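FYI, side chains are in, hydrogens and waters are out, and symmetry mates aren't considered; it's all heavy atoms of this structure. Ligands are counted one by one from 1 in listed order, and the atoms in each one are counted from 1 as well. Keep in mind that this is a model prediction, so the values were computed, not measured.
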Amino acid sequence: MKKLLTLVLALVLVMGLAANASALTIAFSQIGQESDWRTANTDDVCAAIEGHEGWELVYSDGQQKQENQIQALRNFITQGVDYILFTGVVTSGWDEVLTEVNEAEIPLILLDRIPDCADKIDYVAAFGGDFPLEGRRQVQWVGEYMKSIGRDTEDVNVAIMEGTTGADAQVGRTEGNLAAMEDYPFLKVVAQNTGNFTRAEGQALMESWLKSVDKIDVLIAQNDDMALGAIDAIKAAGKVPGKDIIIVGCDSVKAAFEAIVAGEMNATIECNPLYGQFLVPTIEALEAGETFDKTIVHPDEGVFDMDGGIQVEGTVSVKAADVIDERAY
Ligand code: GZL
């Protein structure tokens, strides 16, 4: 009896090891936990990988430090993982380590923020937001809204709260912000600085601006978390957010919808974090021998505001209150 039990246990152990050995190991070097968008992105990607039969996730939180991500990528190489998913906290400084990934012949999938060495390295697929478009849409929404209420005949003072300096999303959205400003000469940039994509730093920056800048009519925040922090600062200063200062965010996270419905925020430009819908079929296709070119796949994205009907590049805004209950993040 004892021999039989030992044999059964040994068989179970061997089958377990064999199953693990055949599992597809997918490693994910994620930036950190700086925003609601990042949390939604992490949750969706990890659930998609862990929920797939025969796939195993190896996850690393970079805590918004490039050196942590570089170390994680090297650990993935040492572990001999089957795929690497990577989104870099900043665009530069990845050439050496991503070349090492290529030399290890581990298929690399770029997510969200694309490194500036993308043209020089090999990657099998890429998926992320169209950041310049998102930046243009932010300014277009402001310009069209001001025209709709007749406030395009006087100077409108705009403060631009940028994301993490050097991040692909910050570089692209700032490029889009400034390009679109040229179409609305009544919009004047009176302040521009980074809130590092976090609520706390957005609040601190708005507090300093409220003391140092004569008059701010509009805040363009390159993510919703900074917009929400700025709203806290505006209320603490005795002003009315959404009225005294028009506030446009980016990402379209649930908390932004709640602020718009509450009348404290005016609009948010969507940046879809739900990459699982892209990753699963892409990895399945790659496993089946398909290949993809280096095109960065952009998801369809909308614009949400307090009343709907504002025309921007490629879409018309939707009233946030009408869709808040069906939002996935
Ligand atoms: C955008 C992503 C940005 C979000 C921020 O794709 O890189 O980083 O807009 C997040 O909320 O911190």
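- A salt bridge does not link Arg137 to Glu134: none of the charged side-chain nitrogens sits closer than 4.0 Å to a carboxylate oxygen.
- Between Phe304 and Phe257, the angle of the ring planes lies from 30° to 60°, which puts this pair in the tilted group.
- Figure legend: Arg327 and Tyr329 shown as a cation-pi pair, the cationic atom lying under 6.0 angstrom from the six-membered ring centre and within 45 degrees of its axis.
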Provide, line by line, the atom pairs where ligand 1 and the protein bring an N/O atom each to a distance under 3.5 Å; else say none.
unit_1, atom_1, unit_2, atom_2, d
ligand 1, 6 (O), Asp112, OD1, 2.4
ligand 1, 7 (O), Arg38, NH2, 3.2
ligand 1, 7 (O), Asp112, OD1, 2.9
ligand 1, 7 (O), Asp112, OD2, 2.8
ligand 1, 7 (O), Arg113, NE, 2.8
ligand 1, 8 (O), Arg38, NH2, 3.0
ligand 1, 8 (O), Arg113, NH2, 2.7
ligand 1, 9 (O), Arg173, NH1, 2.7
ligand 1, 9 (O), Arg173, NH2, 3.3
ligand 1, 9 (O), Asp251, OD1, 2.6
ligand 1, 9 (O), Asp251, OD2, 3.4
ligand 1, 11 (O), Ser35, OG, 3.0
ligand 1, 11 (O), Asn223, ND2, 2.9
ligand 1, 11 (O), Asp251, OD2, 2.6
ligand 1, 12 (O), Glu34, OE2, 2.6
ligand 1, 12 (O), Ser35, OG, 3.1

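- A 4.5 Å side-chain heavy-atom check between Ile31 and Arg113 finds at least one atom pair inside the cut-off.
- Taking the charged nitrogens against the carboxylate oxygens, Arg199 and Asp232 do have a contact shorter than 4.0 Å, which makes a salt bridge.
- Two rings, from Phe197 and Trp37, have their centers 6.0 Å or more apart.
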